[in-house]
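No hydrogens, no waters, no symmetry mates; every other heavy atom, side chains included, goes into these values. What you see is a predicted model, and the numbers here were worked out from it, not measured in a lab.
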Protein chains: 2
Amino acid sequence: MSSPDTSAPTRRELNKTATRAAIVDAAFHQLQTHGYESLTAESVAEAANVSRRTFFNYFASIEAALNEPTKRLLENAVAVLDELDTDIDLLSAAVTVVKSLVDPKLLEPMAELCLHINTHSQMARVQLEAWENCTDSLTELIIARAPQGTELAASVFAHCIVGAGKAAFTTWARELEENPDPTDGLRIDMLRTTLADAIAQLRDGFPSLQQRAAHLRKA
Amino acid sequence: MSSPDTSAPTRRELNKTATRAAIVDAAFHQLQTHGYESLTAESVAEAANVSRRTFFNYFASIEAALNEPTKRLLENAVAVLDELDTDIDLLSAAVTVVKSLVDPKLLEPMAELCLHINTHSQMARVQLEAWENCTDSLTELIIARAPQGTELAASVFAHCIVGAGKAAFTTWARELEENPDPTDGLRIDMLRTTLADAIAQLRDGFPSLQQRAAHLRKA
DNA sequence: TGCAAACTTGCATGCCGTGCAATTTTCTAG
DNA sequence: CTAGAAAATTGCACGGCATGCAAGTTTGCA
């Protein structure tokens, strides 16, 4: 829909993206080496060779910096979905997106984050916001393609798709936590599988859970 | 499942809940009269006749205080669902919950909040956290009833149900914003209807959006 | 009635997030 | 290549947040 500036590697832009990346890297490095509690705008800025004030010119908070990869990944997903032709249904499109989506450069930090999120809800909030923005974008995308006073349906649908993604990430992260063996490559394969499974749950009407619950009436 | 202290109106408990309520009321009153920007731990505490320090003994932030009703309402919903017999399927149960659920005392502030959330993302975050906690509880509830290595399915399902609820609230709030006429009673009826519709979308496999998108291939 | 436990309060501290003005870096035109 | 414009970085200051701690004050219980 929008052509994202195919060529503009002016010096200024390069410096800005470099600085931005440096801050994010510094934040993650410190997170891994010294833990979440140690994170300070001051310390991260210093590690990124920037002043504290400049840090805040780029990010409104430490959490925002840590969630940059997540934000990018989710925005990217919606963008890819937006590019796809309108003549395939959304769930199929979602599958396509998932397959193409997963950039290790963004997933690594995302995984790292998930390990800390359970213990520090502060961090979780900004990430929740990223998922929420994703849902909003998706809702608009759906409404734009089927605009007939079906706003509620569109919103529910969007929530389900994004919810499936979130569920997949959550489950994936939990499995990783219990079983931190696998190599990076395998991790990503696991995630892809989990994401595909989650979307399949949506496509199949609804999980076997329903029937099971019904059948399960006390013997 | 858990018996929530049927009788314990000791003086201390009463005082604490009174103080807690006073803080929440003070926060909402100031929100309506002077706007979000004016909210300060200091000012809210003063309005509730408590010291600033005591405010922080009850809530970790202004946002947490403002989200108390939301939190209560969602936790209440899950609790009601938990009480229901296992031999009805979850979507039917959800409908039941929705019908019984909606306590005006909690909904009023929730509606008020929704009007401010769009303009102040700070506030949205804590509310997102409340929804997320709701999803987690629901996931555990589902897993407990159908425990067979279907954690992912359970999580997806929970996300969908809660997502439908969130979608309903969002849509409802948006409609209210465009059209702030109705009386309080009507508002709640609208919400009930919207919630029921949202859940119906889930039950009906999936919204007509899918077929529509497929049929809609460029003529 | 008196003591222990629970609750409140003030104080102090470190960090956050932002407006502002000065400084440095990058771009552009001549 | 250079001078000035535009953009980015920096330091400073300020108000507010959130929490530990060490008093005070209220409530419960024997």
Checklist entry - B/Trp172 vs B/Phe169 aromatic rings, parallel, tilted or perpendicular, using cut-offs 30° and 60°? => result perpendicular

Item to check | Expected output: side-chain B/Ser61 to main-chain B/Ala64 donor-acceptor under 3.5 Å | outcome: yes

Checklist entry - Do the ring centers of A/His116 and A/Tyr36 come within less than 6.0 Å of each other? => result no

Checklist entry - What are the two closest non-hydrogen atoms of B/Leu66 and B/Phe28, and how far apart are they? => result O-CZ, 3.2 Å

Checklist entry - Can you name the closest pair of heavy atoms from A/Pro69 and A/Leu106 and give their distance? => result CB-O, 3.8 Å

Checklist entry - What parts of residues 40-47 of chain A reach DNA chain C, counting only heavy atoms under 4.0 Å away? => result A/Thr40, A/Ala41

Checklist outcome for this item: Judged by nearest nucleotide, the residue sitting upstream toward the 5' end of DNA chain D, B/Phe59 or A/Tyr58, is A/Tyr58

Item to check | Pairing of A/Arg174 and B/Glu151 as salt bridge, 4.0 angstrom limit | outcome: no

Checklist entry - Considering only side-chain heavy atoms of B/Arg12, which listed nucleotide, D/dA7, D/dT26, D/dA13, is closest? => result D/dT26

Checklist outcome for this item: For A/Pro109 and A/Pro104 the tightest heavy-atom approach is CD-O, 4.3 Å

Next on the checklist: Could you tell me how far apart B/Leu39 (CG) and D/dG15 (C1') are, to the nearest whole angstrom?
Outcome noted: 16 Å

Checklist entry - Between atom OH in B/Tyr36 and atom P in D/dG16, what is the gap in whole Å? => result 14 Å

Checklist entry - Can you check the A/Phe56 CZ to D/dC17 P distance for me, whole Å? => result 16 Å

Checklist entry - Is B/Glu68 salt-bridged to B/Arg20, cutoff N-O under 4.0 Å? => result yes

Checklist entry - Expressed in angstrom and rounded to an integer, what is the separation of B/Phe55 atom CZ from D/dC17 atom P? => result 8 Å

Checklist entry - What's the closest nucleotide to the A/Thr54 side chain, out of D/dG20, D/dT9, D/dA6? => result D/dT9

Checklist entry - Can you give the first and last nucleotides of DNA chain C, 5' to 3', that have an atom under 4.0 Å from a heavy atom of chain B? => result C/dA5 to C/dC11

Next on the checklist: For a quick test of reading the model, state the closest non-hydrogen atom pair linking B/Ala198 to B/Ala168 and the distance between them.
Outcome noted: CB-CB, 4.0 Å

Item to check | Whole angstrom value for the distance that separates C1' of D/dT27 from CG of B/Leu14 | outcome: 12 Å

Checklist entry - Roughly how many Å is it from CD1 in A/Ile23 to C1' in D/dA8, rounded to a whole number? => result 12 Å

